[in-house]
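Below is one structure, written out as structure tokens; the observations come after it.
We count ligands from 1, going down the list as the structure has it; atoms in each ligand are counted the same way.
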Amino acid sequence: MSKRSYTFTHAITRKPGISVTEGLRAIDTGTPSLDLFLQHHADYVTALKSTGAEVTVLEPLEEFPDSVFVEDAALCLPEGAIAMRPGTPSRIGEAAVMTAVLKKLYNDVRVVEGPGFIDGGDILTTETEILVGTSARTDSAGIEELRALVADWGYTVRELETPEGVLHFKTDCSLLDENTILSTKRLADSGCFEGYNVIYVAEGEEPCANSIRYNDLVIMPDGFPQTEAILREAGYDVQKVGNTEAGKLDGGMSCLSLRFSPPA
Ligand code: CIR
């Protein structure tokens, strides 16, 4: 049976623009190269398409340097879409732009109006529940508003904590299938994934915890051989994509797309 938490027909991405060099970062490890970022982005879109996805590639939005990380602006569910309220001033305007895009695909688009904040990167949707981590970008008020917005679609929202110093909840975890989550030890050790099987990323390979399951593929950043071997051994079909440039801006595989199946 196909599973709604990782079986999708569509994805939305946005190409990085010239302004991506001004993107937010916790620690400056160098300016991303736009050319290499565009190459990685194209490889990412190719990986999604290889699973049968219809991928929308939006043009760059120069006024929003971080807008390549489309995941933070919305949450897409089979029943409808919800525009987020990104918790950092330079990104809050991305939600309205994404709302207009989503209205072409969904009849039901709901909006987190505030006063709380919530970034899509803090949300992990599993087969049975929506997990949301509080972080520097997401607060309890934002999570409460999301809870109210999805209640009539039958979703349970569980509030958790993103580890200190980690940008987003999903910086440290990914859904692999209906029972299994890929996680760092620092996150899973909090007990937040009780009831799920947890596969730990290899020690020293924490950045690859931000991977995605999209249809038959686990798409992971290139350069994490021990975790790649663990995933292959566990029976997953793995596709690697270069992520050095997005990584300089604390972004990874999940941040680069919205993944969904709009209502027929
Ligand atoms: C930011 O700080 O907002 C961007 N430089 C990175 C966003 C990554 N997005 C995500 O984890 N969902």
Any sub-3.5 Å donor-acceptor pair from Asp237's side-chain atoms to Leu217's backbone N or O?
no

Can you sort out which atoms of ligand 1 are near Asp72, meaning under 4.0 Å from one of its heavy atoms?
7 (C), 8 (C), 9 (N), 10 (C), 12 (N)

Closest to atom 10 (C) of ligand 1 by heavy-atom distance, out of Pro65, Gly121, Pro32, Cys255, is Cys255

Going through the distances and angles, do Ile212 and Val218 end up as a side-chain contact (heavy atoms from CB on, under 4.5 Å)?
CA-CA 6 Å; Ile212 54 170; Val218 173; over 6 Å; no

Which value, rounded to the nearest 0.5 Å, describes the distance between Arg137 atom CZ and Thr88 atom OG1?
4.5 Å

Do Tyr214 and Tyr6 pass the ring pair (Phe, Tyr, Trp, His ring centres under 6.0 Å) test, and can you show the C-alpha distance, the side-chain angles, and the key distance before you say yes or no?
CA-CA 5 Å; Tyr214 192 106; Tyr6 60 88; 10.0 Å; no

Quick one: does His168 get an N or O within less than 3.5 Å of an N or O on ligand 1?
yes

Check whether Phe117 forms a cation-pi arrangement with Arg85 (NZ or CZ under 6.0 Å from the six-membered ring centre, at most 45° off the ring normal).
yes

Has ligand 1 got any nitrogen or oxygen that is less than 3.5 angstrom from a nitrogen or oxygen of Arg91?
yes

Using a 4.0 Å heavy-atom threshold (strictly under), name the region of Asp66 that reaches ligand 1: side chain, backbone, both or neither.
side chain

Between Arg25 and ligand 1, which residue portion shows a heavy-atom distance shorter than 4.0 Å: side chain, backbone, both, or neither?
neither

Which ligand 1 atoms does Arg137 reach within 4.0 Å, using its non-hydrogen atoms?
1 (C), 2 (O), 3 (O)

For ligand 1, which atoms have a heavy atom of Leu249 less than 4.0 angstrom away?
4 (C), 5 (N), 6 (C)

Quick check: does Leu24 get an N/O under 3.5 Å from an N/O on ligand 1?
yes

